[in-house]
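Start at 1 and go down the list; that is how both ligands and their atoms are numbered.
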Amino acid sequence: MALLEIQALRRRIGGNEVLAGIDLDVEAGEVLALIGRSGSGKSSLLRCIGGLDTADGGRIVVDGIGIGDAARKRDLRERIGMVFQSFNLFPHLSVEGNVTLALRKVRGMAKAEAREIAHAMLEKVGIADKAGAYPRALSGGQMQRVAIARSLALQPRLLLLDEVTSALDPEMVREVQNVLTLLAAEGVTMILVTHEIDFARAASRRVAFLHKGRIGEIGPTKQVLDTPATAELREFLGFRL
Ligand SMILES: Nc1ncnc2c1ncn2[C@@H]1O[C@H](COP(=O)(O)OP(=O)(O)OP(=O)(O)O)[C@@H](O)[C@H]1O
Ligand SMILES: [Mg+2]
């Protein structure tokens, strides 16, 4: 069984079919890059998987748990981590406070143990030296790495990343991408929405191209990016038609 299974997923907003029947499986340890034009439904798809939006039809199962299974809502929330373009750090908490908060409040973990995990995660993303700093004293790239460390601290089975480098200056894009490449090599299962095709190429095993709320193409990264089968993807990638 795949870690993530999606069947016939639909979501409507107003009269608009934002997700028009998505079927998708993601295996444990896999990195899937999600690409597509603005408005194609990439964020909507991630939000449905993460339980932030409710689908109008279809089925999403993560690690054997159906999204919408009210009795297992908490289990599900613990299994899925989400990181967004805007880092959403708590400004009144230090870096360490941001990373330990959920461990303490949700997991009920003792302070010392939560701190130990936080430091290990901050080490992993390369900013252990900033543990005592407040978000306002960090660069965008550092803030995003804290947000990633905060997600990782809860050991999610599936990490959803929505354009996590889009708000960053070019030199900071690379440092965040390096962290994600490291996580990919460690076998963290990820779906990453990105506009950076070179990064998708470097980090992902498969690419899905979303077009008008449907999966237009999906397959091994090199195949999809080098030999797109549809005119829509060829145009999106800037191939000469
Ligand atoms: N809250 C909302 N209210 C109305 N329409 C919405 C809402 N959220 C999304 N949409 C519409 O759903 C469609 C898909 O949006 P979505 O944000 O998923 O696209 P996206 O692929 O993530 O685009 P981008 O690359 O710009 O982030 C768009 O047509 C958008 O206008
Ligand atoms: Mg989006």
Side-chain angles (χ1 to χ4, degrees), residues 4-26 30-60 62 67-68 80-89 140-141 143-144 147-148 150-151 156 158-170 172-173 176-177 179-180 189-204 206-219 221 224-225 228-239:
L4 168 68
E5 297 181 341
I6 301 179
Q7 283 143 17
L9 181 69
R10 291 180 182 277
R11 177 166 160 80
R12 218 172 243 296
I13 301 176
N16 188 8
E17 191 144 64
V18 168
L19 298 174
I22 302 269
D23 295 292
L24 177 68
D25 281 1
V26 176
E30 180 176 32
V31 178
L32 176 79
L34 200 54
I35 62 172
R37 286 190 193 292
S38 181
S40 58
K42 305 180 297 296
S43 297
S44 300
L45 177 56
L46 286 200
R47 292 177 60 83
C48 284
I49 299 169
L52 302 178
D53 288 343
T54 311
D56 294 303
R59 224 164 79 89
I60 304 176
V62 177
I67 284 181
I80 303 174
M82 290 192 82
V83 184
F84 302 94
Q85 181 176 332
S86 54
F87 332 112
N88 304 326
L89 297 180
M143 284 194 258
Q144 192 56 291
I148 293 168
R150 180 175 57 180
S151 253
L158 175 64
L159 194 55
L160 307 174
L161 303 133
D162 195 352
E163 295 193 39
V164 295
T165 60
S166 298
L168 303 178
D169 293 337
M172 289 162 194
V173 168
V176 172
Q177 288 181 346
V179 167
L180 298 179
T189 313
M190 293 188 265
I191 301 180
L192 56 100
V193 172
T194 183
H195 283 294
E196 287 130 13
I197 300 299
D198 289 341
F199 176 55
R201 190 183 284 282
S204 71
R206 279 196 306 158
V207 170
F209 170 61
L210 225 56
H211 184 67
K212 296 186 177 167
R214 291 191 169 81
I215 293 185
E217 289 190 43
I218 185 164
T221 298
V224 170
L225 296 180
T230 60
E232 289 79 16
L233 180 54
R234 291 174 66 81
E235 192 188 341
F236 177 74
L237 293 172
F239 280 60

If only atom types and distance count, is the side chain of [X] paired as donor or acceptor with the main-chain N or O of [Y] below 3.5 Å?
| X | Y | value |
| --- | --- | --- |
| Asn88 | Ser86 | yes |
| Lys42 | Arg37 | yes |
| Gln85 | Leu161 | no |
| Arg201 | Thr221 | no |
| Glu217 | Ala229 | yes |

Looking only at protein heavy atoms, which one is nearest to [atom], and how far off is it?
| atom | value |
| --- | --- |
| atom 11 (C) of ligand 1 | Val18 CG2, 4.0 Å |
| atom 26 (O) of ligand 1 | Ser38 OG, 2.6 Å |
| atom 29 (O) of ligand 1 | Asn16 ND2, 3.7 Å |
| atom 4 (C) of ligand 1 | Ile13 CG2, 3.3 Å |
| atom 25 (O) of ligand 1 | Lys42 NZ, 2.8 Å |
| atom 27 (O) of ligand 1 | Glu163 OE2, 3.5 Å |
| atom 14 (C) of ligand 1 | Gly39 O, 3.4 Å |

Quick one: does [X]'s side chain get under 4.5 Å of [Y]'s, heavy atoms only?
| X | Y | value |
| --- | --- | --- |
| Phe199 | Val176 | no |
| Arg47 | Arg11 | no |
| Leu210 | Val193 | no |

Checklist entry - For atom 15 (O) of ligand 1, which candidate among Ser40, Ser44, Ser43 provides the closest heavy atom? => result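 When every heavy atom of Ser40, Ser44, Ser43 is considered, Ser44 comes closest to atom 15 (O) of ligand 1.
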Item to check | Residue part near ligand 1, for Leu45, under 4.0 Å between non-hydrogen atoms | outcome: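 None of Leu45 does.
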Next on the checklist: Under 4.0 Å, heavy-atom basis, I'd like to know which part of Arg37 is in contact with ligand 1: side chain, backbone, both or neither.
Outcome noted: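 It is the backbone that gets close, since no side chain atom is under 4.0 Å.
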Checklist entry - Sorted by chain and residue number, which protein N/O/S atoms are under 2.8 Å from the Mg ion (ligand 2)? => result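 Correct list: Ser43 OG.
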Checklist entry - Taking it one step at a time, do Gln144 and Thr165 satisfy side chain to side chain contact (heavy atoms under 4.5 Å, CB included)? => result CA-CA 8 Å; Gln144 192 56 291; Thr165 60; over 6 Å; no
Item to check | Over 12 non-hydrogen atoms of neighbours within 6.0 angstrom of CZ in Arg10 | outcome: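 It does: Arg10 CZ has more than 12 such atoms within range.
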Item to check | Which of the ligand 1 atoms, numbered from 1, are nearer than 4.0 Å to a heavy atom of His195 | outcome: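 Heavy-atom distances to His195 below 4.0 Å select 25 (O).
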Checklist entry - If you look at every heavy atom in Cys48 and Leu9, which pair is closest and at what distance? => result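 That would be CB-CD2, 4.2 Å.
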Next on the checklist: Tell me which one of Val179, Leu180, Leu192 satisfies side-chain contact (heavy atoms from CB on, under 4.5 Å) with Val164.
Outcome noted: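 So, applying the side-chain contact (heavy atoms from CB on, under 4.5 Å) to Val164 and each of Val179, Leu180, Leu192, only Leu180 qualifies.
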Next on the checklist: Check contact between Gly41 and ligand 1, using heavy atoms of the residue and a distance below 4.0 angstrom.
Outcome noted: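 Heavy atoms of Gly41 do come under 4.0 Å of ligand 1.
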